[in-house]
Number of protein chains: 2
Amino acid sequence: MQPPFHRLVEFVPLSAEEAEMARGWLVDSRRIARGKPIRQEGEPVKGVFFLLDGWAGSSLLLRDGRRQIVKVHLPGDMLGFPSLALSHAGETLEALTDATICSFPNAAIGRMFRELPRLAMALFLSTQKERVALMQKLSWVGATSAMERLTAFLLDLHHRLQAAGLAQAGCFDFPITQQQLGELLGMSTVHINRTFKSLDETGCISRGRGRIEVLDFAGLQRLAASFPPDFAGHDAWARLDNSSRF
Amino acid sequence: MQPPFHRLVEFVPLSAEEAEMARGWLVDSRRIARGKPIRQEGEPVKGVFFLLDGWAGSSLLLRDGRRQIVKVHLPGDMLGFPSLALSHAGETLEALTDATICSFPNAAIGRMFRELPRLAMALFLSTQKERVALMQKLSWVGATSAMERLTAFLLDLHHRLQAAGLAQAGCFDFPITQQQLGELLGMSTVHINRTFKSLDETGCISRGRGRIEVLDFAGLQRLAASFPPDFAGHDAWARLDNSSRF
DNA sequence: CGCTGGGTTGAGGGGGCTCAAAAGTGGTGG
DNA sequence: CCACCACTTTTGAGCCCCCTCAACCCAGCG
């Protein structure tokens, strides 16, 4: 299988040497069972992770045990970058399905910045894009209703799954529980269920045993409150690479 | 006045050459009046900004006009980095008070990655820390009550103001309106007001014409739901710089 | 077949919203 | 110095979205 580099080459086309290097990272991968932690909040930060297969989630814990899932990660995503600036992880990484990851030690990041600036820049831009996505998520949770949140999430998810080649004709696996969905969107399990049911009844989507099919994209988009999120940035490197003076 | 580089040198001590370079960026600064936009959502991304003085906010707009303020920026913060991966800005930057900024064109970023990898790394880590802060904010908005959100925000704000040298003995300027606070924390103006009043009545803080004084830190912390956010990462560069093999 | 995790549904209550208006506050010009 | 204005803060009343608690159902599995 082709390793899922679509997130990495999005901004900077990889040279032969860089591609070689990137493939070298994947040598030792690790399987994680569904529900098992990859790295817990508070553990020392020894590196970051690359999700090769399966879904993962990053989450924060509150004092009283409530939990906020911050992001659902799909194959090709990098996990754990935010904690790179911390000595001990600020987020819990957890496999939402059986998953395959490989690790990427701290020192490799430093070395990349010194020796492969183009690749470092690609990674940098990729994490900035994550930040935009996170900002959008915050705006869903902070300023929209349950139905708007759910539809916005489904549209975004479909978009990302498609980019990873994991959705065909609006149809994709949906392996997370409604409880997890609640923790992700900041609502109770019960209300997730009701909202999901009522969305189902609009005819815009159809649900069935761990899969979802989008039947009416335009309808979904009308239900969501946020703009279509995409000001694509594929020319980012070109804009940043021109050698004008400081 | 010493330029506010505290956010930059947090991870990587600047060499003489780098410090020189950094000072060079500040040559042409621009004043922005309170309430005026620095860059609107959708405008072409020509660079990022460095906030020298005053408060700024970054926000997202929804279709129906609702707005989510994603972050309040203080002197020393970098603005607009998330949009660097996009051709057109995904966030609106706006002066919350009269502010002074200076600009930092795209090409300068590219050049920094090629020629000053240590500085690039410092910036990279700094933006990752922003991401952690954003994740924490999401967890406030998604999983906590109005009172918890407000107190968590005030504690975080005080922490950051202190780092910038803008708070003494728990006392600091607080120049934003309750409407803006509502858009920031995902609640209505009216409910911000009631919550603020009731917080005032606990005796933990005291408010007065654009200033706030924290009277009881322990009490505030008890009211907030999140852990003290800090796994400081000042040794980040050391962890990333050691020259072990890939 | 019983057990367990997840999905579904009902009833009731409360936190936060909307609408509306009054009471500061500061800025501006006469 | 005062009158007026726009903006902000404060307060009240009513209601609704979403939460909690509590069943019940369903499918998969040992």
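Letters go in sequence order (proteins before strands), and every chain restarts at 1.
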Residues which pass ring-ring contact (aromatic ring centres under 6.0 Å, His included) with [X], listed by chain and number, not counting sequence neighbours:
{"X": "H191(A)", "value": "none"}
{"X": "F196(B)", "value": "none"}
{"X": "F49(A)", "value": "none"}

Could you give me the CA-CA distance, side-chain angles and deciding distance for L62(B) and S139(A), then say whether side-chain contact (heavy atoms from CB on, under 4.5 Å) is met?
CA-CA 8 Å; L62(B) 300 180; S139(A) 76; 4.1 Å; yes
Checking [X] side chain against [Y] main chain: does a donor-acceptor pair fall under 3.5 Å?
{"X": "K137(A)", "Y": "V70(A)", "result": "yes"}
{"X": "E41(B)", "Y": "A89(B)", "result": "no"}
{"X": "T195(B)", "Y": "M147(B)", "result": "no"}

Terminal axes of the helix from dC1(C)-dG30(D) to dG30(C)-dC1(D) (5 end pairs apiece), angle rounded to 10 degrees, sit apart by 40°
From CA spacing to verdict: side-chain contact (heavy atoms from CB on, under 4.5 Å), Q179(A), I192(A):
CA-CA 8 Å; Q179(A) 162 143 27; I192(A) 283 282; over 6 Å; no
Contacted region of DNA chain D by chain A, from 5' end to 3' end of the hits, cut-off under 4.0 Å to heavy atoms, spans dC18(D) to dG28(D)
Do the ring planes of F174(B) and W55(B) sit parallel (below 30°), tilted (30 to 60°) or perpendicular (above 60°)?
perpendicular
Parallel, tilted or perpendicular: which fits the ring planes of F153(A) and W140(A), with parallel below 30° and perpendicular above 60°?
perpendicular
Might you work through the side-chain contact (heavy atoms from CB on, under 4.5 Å) test for K71(A) and E130(A), ending with a clear yes or no?
CA-CA 10 Å; K71(A) 167 137 191 154; E130(A) 287 296 301; 2.9 Å; yes
Evaluate the criterion salt bridge (Lys or Arg N to Asp or Glu O under 4.0 Å) for residue pair E148(B) and R66(A); output intermediate values, then yes/no.
CA-CA 13 Å; E148(B) 290 167 325; R66(A) 279 170 298 179; 3.0 Å; yes
Could you list all the salt bridge (Lys or Arg N to Asp or Glu O under 4.0 Å) pairs where at least one residue sits in residues 79-98 of chain B, not counting sequence neighbours?
R39(B)-E91(B), R67(B)-E94(B)
Sort and list the pairs that fulfil salt bridge (Lys or Arg N to Asp or Glu O under 4.0 Å) and have at least one residue in residues 211-223 of chain B, not counting sequence neighbours.
D173(B)-R211(B)
Once salt bridge (charged side-chain N to carboxylate O under 4.0 Å, His left out) is applied, do any residues pair with D28(A), and if so which ones, sequence neighbours excluded?
none
Would you grab the first and last nucleotide of DNA chain C (5' to 3') that comes under 4.0 Å of any non-hydrogen atom in chain B?
dG16(C) to dG26(C)
Contacts to DNA chain D from residues 174-192 of chain B, heavy-atom cutoff under 4.0 Å, which residues?
T177(B), Q178(B), V190(B)
Among residues 201-210 of chain B, which contact DNA chain D at a heavy-atom distance under 4.0 Å?
R207(B)
In the structure I gave you, are the side-chain heavy atoms of L220(A) and L199(A) within less than 4.5 Å of one another anywhere?
yes
Could you tell me whether R34(A) contacts a base, only the sugar-phosphate backbone, or nothing, with contacts defined as non-hydrogen atoms closer than 4.0 Å?
sugar-phosphate
Quick one: do D77(A) and R160(A) make a salt bridge, cutoff under 4.0 Å?
yes
Considering only heavy atoms, which members of residues 139-148 of chain B lie under 4.0 Å from some atom of DNA chain C?
S145(B), A146(B)
